[in-house]
Amino acid sequence: MQKFVYEYATKVYFGEGAAKEHLAAAVSGYGKNVMLAYGGGSVKKNGIYDEVKKILEDAGKKVTDFGGIRSNPTYAKVQEGAALARREKIDFILAVGGGSVIDCCKIVAAQAKTDRDLWEMEMSDRQFPDEVIPMGAVVTASGTGAEMNGGAVITNEEKVVKAGMAAAAPRFAVLDPLYTASVPKMQVISGAFDTLSHAMETYFGNSDQDNVSDDVSLAIMKNTVVNMRRLIENADDMQARGNLMWDSAMAENGILKVGRLTDFQAHQIEHQLGAYTDCNHGQGLAAIHPAYYRHIVKDAEAKFARFSKEVFGAETAAEGVEALAGFIRTCGLPTKLGDLRSKVEITPEILRKVADTCNVIKCGPRELSRDEIYEILMECR
Ligand code: NZQ
Ligand code: ZN
């Protein structure tokens, strides 16, 4: 294990009825002006918006709506939210949604507190916000784990870059599996694959063997796969949705990453693919992972063999990679880039741009060249 400092920044309220039971008290310590942020409208259809708004108003809050945050949130939407937060003198931001809404709010919370351009500040000057509007998250679609960390993934459409930005973690997260009941099965599966990917990308980071975090990562992978299988059988299995909700938070709350390096190369490729195509994050990862792992399996053979055995009951390292590919097929997730919903045709020229602009990770099993990333992407077509 390497040296680490770890602190949970986010208080979690998990379980059925968690918003009704805890939300009023959770927001009570903050000022009167609350921004209620949400996505494209699912929360209005399923009643969550009305329920949350009533809790806030009954708690004496003045609620300002900030809706229409779309999947793969944009930097332009962040600016819109920050302007609104300044204008309405917002004291607290409540994100009600999946990773996209939560991520957008994290950066709104930071941008509203500075006149500097946050993208330039972070990407060019490597300076990070020291003041934010406090925020909380009510999770309505799980998978990213965004509710328990201080990172956010934002698409800068002008620059055609989708990248991680740093802000503050939510002060609290409300995790009610029933709030995910209306999420379509394919979105639940896509989100859960994202969770599986987070655990795999952490586990395959280049770190010493015999690391307790590896054991925890493998446990999260196993549980995620088991519960994805349950959901494929029965989309209404709330026990499975609840397990996946906590798997999701566990995979990205930092606990798996303590004392070790991580990989996240598949994520870096997928994020840039998302910048060009606006594809679904979990589905993009599903299309990329097997091809990536076929390239690096020999560079971490012992780790892959352990993964194979413990997660899929397979024998060898290579069989584990094929078991992962088979699992993706069984889930009905995209197995090729051509299966992804995309705003443009995914041509070799687009893939060359993705390969040339994505981040290259140095602490995975092996550092890839840009040509090899292009090769991997072409194999995913
Ligand atoms: O927009 P609405 O209408 O709400 O619909 C959403 C959206 O279409 C729908 N949805 C959410 N809750 C629902 C529901 N539909 C019915 N009933 C409900 N209760 O689900 C769709 C997907 O939502 P979205 O938030 O986009 O999905 P997800 O949670 O997968 O978030 C994806 C974003 O998170 C980033 C991704 O890159 C992507 O931009 N990530 C964030 C991370 C982080 N901050 O730690 C880590 C991840 O690796 C990831 O990169
Ligand atoms: Zn992810």
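Counting starts at 1 for both ligands and their atoms, in listed order. Note that the structure is predicted; figures quoted are calculated from it, not measured.
Ranked by closest heavy atom to atom 20 (O) of ligand 1, the top entry among M165, Q187, E147, K106 is Q187. Around atom 25 (O) of ligand 1, the closest heavy atom drawn from S100, C279, S190 belongs to S100. Heavy-atom proximity to atom 18 (C) of ligand 1, evaluated over V183, I69, T155, is greatest for V183. Comparing heavy-atom distances from atom 14 (C) of ligand 1 across G284, G99, S42 singles out S42 as nearest. Of the options T140, D278, I154, the smallest heavy-atom separation from atom 12 (N) of ligand 1 is shown by T140.
One N or O on the side chain of S248 and one on the backbone of G145 form a donor-acceptor pair closer than 3.5 Å. E315 contributes no side-chain N or O that, together with a main-chain N or O of K309, makes up a donor-acceptor pair within less than 3.5 Å.
In the vicinity of H267, heavy-atom distances shorter than 4.0 Å reach the ligand 1 atoms 48 (O). The contact set between ligand 1 and N46, taken as ligand atoms under 4.0 Å from a residue heavy atom, comprises 17 (N), 18 (C), 19 (N).
Assignment of P73 to the shell around ligand 1 is supported, since a heavy atom sits closer than 4.0 Å. Look at G151 and you'll find a heavy atom under 4.0 Å from some atom of ligand 1. Residue contacts with ligand 1: G143 is excluded, as none of its non-hydrogen atoms falls under 4.0 Å. The closest approach between any non-hydrogen atom of N149 and ligand 1 is below 4.0 Å. Contact analysis puts H271 in contact with ligand 1, with a non-hydrogen atom separation below 4.0 angstrom. Using a 4.0 angstrom heavy-atom cutoff, H198 counts as in contact with ligand 1. Residue contacts with ligand 1: K162 is included, with a non-hydrogen atom under 4.0 Å away.
For F92 and F172, the ring centers sit closer than 6.0 Å to each other.
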* Please assess V96 against T140 for the test side chain to side chain contact (heavy atoms under 4.5 Å, CB included), listing each intermediate value before the final yes or no. => CA-CA 7 Å; V96 183; T140 67; 3.9 Å; yes

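Between N253 and M250 the shortest heavy-atom distance is OD1-O, 3.2 Å.
Among protein heavy atoms, atom 8 (O) of ligand 1 sits closest to S71 OG, 4.1 Å.
The Zn ion (ligand 2) is closest to atom OD1 of D194 (considering only N, O or S atoms).
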